[in-house]
Amino acid sequence: MKKKLPIYDIILSDTALEQGVGFISLVDEPAIMVNWIKLAQQAQLDFKADKAKQLLYGPFLIPDMLIYRRDVKLGEYYVRFKKEQIESIANKFNKDRNSNNINFQQSELTVDAYVAENWIISGEDKSKGLGFDLPEGTWFGGVKVEDQKFWNTEVSNDVVKGFSVEIMADLELELSNIKN
């Protein structure tokens with residue numbers, strides 16, 4: 001059971017041009033807790049990545065999932081992405097042409113890779129055929145890894161297991177969660 005903590009919604013400002021997803025990161029512990037090859041706390045799924053083409057598929061953002069955070073300013077809290085904001089975030093990412101901004105473990109180390117395709121899940125779609133059962137409004141994508149050495153050392157050896165987005169956005173406190 002999750003702790004009773006404040007919840008902040010991630011919101012993109014209509015006027016702050018610098019906001020949005022700057023990088024998609026290939027990580028060993030995705031904050032959304034969904035790996036390419038398994039769903040958190042569930043049995044292994046058949047991984048439908050195209051290994052010959054070095055493509056990885058998985059969710060970038062999942063609506064309404066509580067993601068635990070802790071920092072000096074706010075203490076312990078959760079953040080979440082609402083369905084409507086996820087669509088705005090994905091649209092801005094594509095409009096800003098950030099598909100080549102892929103890094104490793106949210107570091108300065110960039111990876112020769114790019115977002116080959118991305119979409120918002122709606123009803124039955126390609127993600128189901130890849131073995132995922134995610135809610136509507138999830139931002140889902142496929143990343144093509146061009147770097148053969150990175151693929152062999154980090155992907156084939158299961159070092160990286162999922163995606164994490166690096167986003168600059170506002171936090172808006174969800175007031176119905178706060179008790180007086």
Side-chain angles (χ1 to χ4, degrees), residues 1-43 45 56-96 98-99 101-111 113 115 118-121 127 132-141 143 154 158-180:
M1 176 147 191
K2 295 195 182 297
K3 292 181 179 182
K4 184 71 171 169
L5 297 173
I7 298 171
Y8 291 89
D9 290 319
I10 305 290
I11 307 292
L12 284 186
S13 167
D14 291 335
T15 58
L17 296 177
E18 72 280 358
Q19 287 191 351
V21 173
F23 280 86
I24 302 288
S25 190
L26 305 177
V27 296
D28 59 353
E29 294 182 16
I32 59 173
M33 299 176 292
V34 178
N35 296 341
W36 293 314
I37 58 170
K38 65 178 182 175
L39 297 178
Q41 310 303 320
Q42 295 184 13
L45 298 173
L56 302 170
Y57 288 99
F60 294 155
L61 294 174
I62 300 172
D64 298 319
M65 174 178 276
L66 297 180
I67 303 169
Y68 175 79
R69 291 289 177 255
R70 181 178 61 192
D71 63 42
V72 175
K73 182 178 176 186
L74 297 175
E76 291 183 289
Y77 60 99
Y78 294 111
V79 296
R80 72 175 169 204
F81 296 86
K82 302 298 271 177
K83 187 176 177 178
E84 302 77 25
Q85 280 297 310
I86 289 175
E87 187 169 357
S88 294
I89 289 165
N91 287 340
K92 185 158 184 354
F93 175 83
N94 290 318
K95 181 181 177 183
D96 291 347
N98 286 336
S99 66
N101 294 353
I102 309 292
N103 67 22
F104 179 55
Q105 302 285 27
Q106 297 182 327
S107 71
E108 299 295 317
L109 179 60
T110 58
V111 178
V115 177
N118 68 101
W119 66 91
I120 302 296
I121 291 177
S127 67
F132 291 89
D133 185 20
L134 298 163
E136 286 195 23
T138 295
W139 183 22
F140 196 91
V143 170
E154 307 302 337
D158 293 327
V159 174
V160 292
K161 296 181 173 71
F163 301 113
S164 182
V165 300
E166 294 185 16
I167 185 169
M168 181 178 285
D170 294 330
L171 295 178
E172 183 177 280
L173 183 61
E174 199 278 316
L175 296 176
S176 67
N177 186 49
I178 304 300
K179 291 185 177 181
N180 294 334

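Just so we're clear, the structure is a prediction, and the values are computed from it rather than from any experiment. Note that these values count all heavy atoms, side chains included, but never hydrogens, waters or copies made by symmetry.
Side-chain atoms of N103 and S25 form a donor-acceptor pair, as typed in the model, at a separation below 3.5 Å.
Not less than 6.0 angstrom separates the ring centroid of F140 from the ring centroid of F60.
Side-chain atoms of E76 never come within 3.5 Å of backbone atoms of R70 as a donor-acceptor pair (strictly under, hydrogens ignored). Judged by distance alone, the side chain of D96 and the main-chain N or O of N98 form no donor-acceptor pair under 3.5 Å. A donor-acceptor pair is defined here as one N or O able to donate and one able to accept, closer than 3.5 Å; no such pair exists between the side chain of K83 and the backbone of T138.
Listed here is the closest heavy atom pair of F163 and G141: CE1-O, 4.1 Å. Closest approach of L5 to Y68, counting heavy atoms only: CD1-CE1, 3.8 Å. Contact between S127 and I121 at its shortest, heavy atoms only, is OG-CD1, 3.3 Å.
Contact check on D64 versus K82 returns a salt bridge, with a Lys/Arg side-chain nitrogen under 4.0 Å from an Asp/Glu carboxylate oxygen.
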TODO: Tell me, with the steps shown, if W139 and I62 meet side-chain contact (heavy atoms from CB on, under 4.5 Å).
DONE: CA-CA 7 Å; W139 183 22; I62 300 172; over 6 Å; no
Please walk me through it: do E87 and N91 pass side-chain contact (heavy atoms from CB on, under 4.5 Å)? CA-CA 6 Å; E87 187 169 357; N91 287 340; 3.8 Å; yes
Practice problem: Give the intermediate values and the outcome of side-chain contact (heavy atoms from CB on, under 4.5 Å) for residues N94 and N118. | Solution: CA-CA 9 Å; N94 290 318; N118 68 101; 3.0 Å; yes
Show, in sequence, the C-alpha distance, side-chain angles and deciding distance for I10 and D170, and conclude whether the side-chain contact (heavy atoms from CB on, under 4.5 Å) test is met. CA-CA 6 Å; I10 305 290; D170 294 330; over 6 Å; no
Exercise for the section: For D9 and R80, run salt bridge (Lys or Arg N to Asp or Glu O under 4.0 Å): C-alpha distance rounded to whole Å, both residues' side-chain angles, the deciding distance at 0.1 Å, then the answer. Expected result: CA-CA 5 Å; D9 290 319; R80 72 175 169 204; 2.4 Å; yes
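Within the 4.5 Å cutoff, side-chain heavy atoms of V27 are placed close to those of Q106. Taking the side chain as every heavy atom from C-beta outward, V143 and Y57 never approach each other to under 4.5 Å.
Rounding to the nearest 0.5 Å gives a distance of 6.5 Å between CZ of F93 and CG of N101. How far CZ of F23 is from CZ of F104: 15.0 Å, rounded to the nearest 0.5 Å. For the atom pair L26 CG and L56 CG, the distance stands at 6.5 Å (nearest 0.5 Å). Put simply, CD1 on I86 and CG on L12 are 11.0 Å apart, with the number rounded to the nearest 0.5 Å. Rounded to the nearest 0.5 angstrom, I167 CD1 and I24 CD1 are separated by 9.5 Å. In this structure, E18 CD and S13 OG are separated by 8.0 Å, a value rounded to the nearest 0.5 Å.
Paired with I89 under the rule side-chain contact (heavy atoms from CB on, under 4.5 Å), one option of V21, V165, I11 passes, and it is V21.
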